[in-house]
There are 2 protein chains.
Amino acid sequence: MGKRSGETYHHGNLHETLIAAAIELIRDKGPNAFSLRELAKKAGVSHTAPYRHFKDKNALLAAIAETGFKTLTERTRNAAMQFDGNPKQQLIETGVAYVELALDNPEITLLMFGGFIDTEKCPKENLDSEADNAFQGLVNLIESGKQSGVFRNEETELLALATWSMVHGLAMLITGGQLCGIADEPDQVRNLSEKVESLLMEGILLR
Amino acid sequence: MGKRSGETYHHGNLHETLIAAAIELIRDKGPNAFSLRELAKKAGVSHTAPYRHFKDKNALLAAIAETGFKTLTERTRNAAMQFDGNPKQQLIETGVAYVELALDNPEITLLMFGGFIDTEKCPKENLDSEADNAFQGLVNLIESGKQSGVFRNEETELLALATWSMVHGLAMLITGGQLCGIADEPDQVRNLSEKVESLLMEGILLR
DNA sequence: ACATCAATGTTGGCAGTGTATACATAGATG
DNA sequence: CATCTATGTATACACTGCCAACATTGATGT
């Protein structure tokens, strides 16, 4: 008998509920101050119920980071799609999307890249399969840009890595609070992202 | 009278001892698994002794991050000094030093930039005074490079931010394990740093 | 020289944490 | 309808950060 959800012994879909509630908690209090017991209370279950769905706290955090990588892939892909056929603009918009996502979700971004999650050795397996997806989109974009003669004929992986480093660095500086006063508001961030990436395109050397 | 350090009731210089021991612990187990009580045991004092020297755990972490920023400033400045009069090389070596420091101290780097420390709002005060120092060195370097006609005549802060983002992003990707297999060994890292920064110099657009 | 004090260290305790173990419930399956 | 398995609960333990009360000591002033 299912009177109202929450009154039954079995929750129904604790798994997704936990992830959603955890994201909320992390948004509020940061990835550090996040506790499984508080999460369980928020979800209305006993404090050991989450262990039926996640091996341990780390696994839950990894699942959340995974969703973060998914939306990162989505958003950057969408941004690129809107300027199909214009690789330069695509690259810029991809970067802007990357940085803007970080600005929108600073705590989740820290969770994704801040070393909160123990990924044994090199995270080539589960978690970073998604991170690789985002990177792969960048690689494809650059490859096609090279073939249409927009980008230099350097190793594609290198060009992609440079671009990734640039936007990732900007994103992490912002979420880490290092750019307070310079990049607080969304329009500041977009403006900065565009300028910085233009520099990467044009180079900073005088010619 | 100081028979041997450790046998006296008063430790003598717990402050520095704690910081040093804490750095060791963090290196071993990461900034997340670091506990004050274990630190106290390692230092040979009771589990509340650290509170005589640091307001709370966060303050201790902040102090450690501070030392990290100090060595970052030192190392990058040294790297730049070795190529005085050659702004382009200076910029490259500064970046390499930045990334290499992160590779040498991944856990401390995560502590510095990974959002482990609660810095109230914008960390303009204590902690980031040092971070600003490192950035200021970069600004000076670029300013002089502009005046000697090596760098483009763009806003100095923007050029500096672009450079910083680039190396910071590369550093964080490495410490975050995102570049496993690509940048594990020191020589790989140096090589990658140089190439990536060269790209920033020359630009990635075909011309 | 001695009393006083502030700095530094210790003991004990509390609430909160992650997680292991044993038990309870209920939806699915034969 | 019996049984199995997935899911949730209760209890317990070691550990954590931190607070309050107390102990020790080197420095200070008279």
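Sequence lines set the chain letters: A, B, ... in the order given, protein chains first and strands last, and positions in each chain run from 1.
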Rounded distance (Å) that lies between atom P of C/dG18 and atom NZ of A/Lys41: 12 Å
Interatomic distance, B/His15 NE2 vs C/dT8 C1' [rounded to whole Å]: 14 Å
Residues in contact with DNA chain D, drawn from residues 29-39 of chain B - heavy-atom cutoff 4.0 Å: B/Phe34, B/Ser35, B/Leu36, B/Arg37
Please produce a list of atom pairs where a protein N or O lies less than 3.5 Å from an N or O of nucleotides 4-6 of chain C.
none

Atom pair distance, as rounded to whole Å: NE2 in A/His47 and P in C/dA15: 16 Å
Atom pair distance, as rounded to whole Å: CG in A/Leu60 and P in C/dT19: 10 Å
Flag, side chain of B/Lys57 to backbone of B/Phe34, donor-acceptor distance under 3.5 Å: yes
Aromatic ring pairing A/Trp164/A/Phe135, orientation class (parallel under 30°, perpendicular over 60°, tilted between): tilted
Side-chain heavy-atom pair B/Val96, B/Glu197 within 4.5 angstrom cut-off: yes
B/Gly203 backbone acceptor or donor facing A/Arg152 side chain under 3.5 Å: yes
Between P of D/dT16 and CG of B/Leu25, the distance in whole Å: 11 Å
From OG1 (B/Thr94) to CD (B/Gln89), nearest 0.5 Å: 10.0 Å
Any A/Glu38 side-chain heavy atom under 4.5 Å of A/Lys29 side chain: yes
Residue closer to the 5' end of DNA chain D, A/Val45 versus B/Lys57 (nearest nucleotide): A/Val45
Under 3.5 Å donor-acceptor, B/Asp184 side chain and B/Gly181 backbone: yes
Contact list for DNA chain D against residues 48-55 of chain A - heavy-atom distance below 4.0 Å: A/Thr48, A/Ala49, A/Arg52, A/His53
Approximate separation, where rounding is to 0.5 Å, of B/Leu141 CG and B/Glu93 CD: 11.0 Å
Spacing of CG belonging to A/Asn133 relative to CD belonging to A/Glu74, to within rounding of 0.5 Å: 11.0 Å
Pairing of B/Glu185 and B/Arg190 as salt bridge, 4.0 angstrom limit: no
Separation of D/dA6 P from A/Asn13 CG (nearest whole Å): 18 Å
Atom pair CG (B/Leu158) and CG (A/Leu192), whose distance is rounded to the nearest 0.5 Å: 6.5 Å
